[in-house]
Amino acid sequence: MSLERLARESAQAALDSQERSLDELRNRTGLLIGAASLAVSFLGADAFSDSDGEQTTVMWILGAIALLTFVAIVCSAVSVLIPRKYGFTFGLSGKATYEALYRIRADEKEIDRRLSR
């Protein structure tokens with residue numbers, strides 16, 4: 001297998017893995033926000049309803065806690081999904097792979113050994 005094809009396939013595999021991880025993270029975040037919405041709607045409806053004209057302090061406190069918790073969950077979930085540059089490497093870069101292995105392109109066993117680390 002040529003070095004160019006190997007570098008391209010390793011980069012494609014890394015991108016596919018990153019895409020699967022991001023999709024999984026988005027699905028879990030959506031589920032978390034949905035569950036938080038459901039929980040705050042049940043507690044908030046009881047806490048902030050004014051059916052008899054009187055509202056106990058405890059219900060207002062519970063409603064405020066539910067609302068603040070919901071806001072905290074949504075903010076933390078959104079902050080997880082915001083793209084950042086940390087410099088972490090989770091997969092092989094095609095360009096970096098090609099440049100690192102170019103010197104030994106004739107020795108396929110050495111290329112396999114280095115890629116298997």
Side-chain angles (χ1 to χ4, degrees):
M1 180 180 290
S2 71
L3 181 58
E4 291 82 7
R5 176 171 282 197
L6 185 64
R8 183 182 157 283
E9 288 178 1
S10 64
Q12 185 63 45
L15 286 174
D16 291 342
S17 175
Q18 183 179 7
E19 180 183 9
R20 283 191 302 274
S21 297
L22 187 58
D23 285 343
E24 183 179 330
L25 181 64
R26 286 179 178 158
N27 289 336
R28 289 182 182 189
T29 302
L31 183 64
L32 179 65
I33 291 175
S37 299
L38 189 62
V40 80
S41 68
F42 284 131
L43 186 58
D46 290 338
F48 295 117
S49 67
D50 198 17
S51 58
D52 60 355
E54 293 182 9
Q55 192 60 259
T56 63
T57 306
V58 174
M59 290 305 287
W60 275 100
I61 292 172
L62 286 177
I65 290 172
L67 191 59
L68 290 174
T69 304
F70 175 72
V71 169
I73 288 172
V74 169
C75 289
S76 59
V78 169
S79 73
V80 166
L81 295 177
I82 293 174
R84 293 181 187 86
K85 286 247 185 213
Y86 288 121
F88 297 130
T89 303
F90 296 103
L92 296 176
S93 163
K95 179 182 176 188
T97 302
Y98 184 77
E99 289 173 355
L101 299 176
Y102 184 76
R103 293 173 291 140
I104 58 167
R105 65 187 176 278
D107 188 2
E108 288 187 26
K109 288 183 180 181
E110 180 63 17
I111 289 174
D112 290 339
R113 187 190 70 77
R114 288 189 186 189
L115 288 176
S116 65
R117 287 194 255 164

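Positions are given from 1 along the sequence. Quantities reported herein were computed from a predicted structural model and do not represent experimental measurements.
T29 pairs in a side chain to side chain contact (heavy atoms under 4.5 Å, CB included) with only one of the listed residues (L25, L31, N27), which is L25.
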Apply the test side chain to side chain contact (heavy atoms under 4.5 Å, CB included) to residues S21 and E24: give CA-CA distance (whole Å), side-chain angles for both, the deciding distance (0.1 Å), then the verdict.
CA-CA 5 Å; S21 297; E24 183 179 330; 5.7 Å; no
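L67 and I73 fall into different hydrophobic clusters, defined by Ile, Leu, Val, Met, Phe, Trp and Tyr side-chain heavy atoms under 4.5 Å apart, directly or through other members. By the rule that hydrophobic residues join a cluster once side-chain heavy atoms approach within less than 4.5 Å of another member, I82 and I33 end up as members of one cluster.
The closest donor-acceptor contact from the side chain of S76 to the backbone of A72 lies under 3.5 Å.
Taking CG of D16 as the reference point, atom CZ of R20 lies at 6.0 Å (rounded to 0.5 Å).
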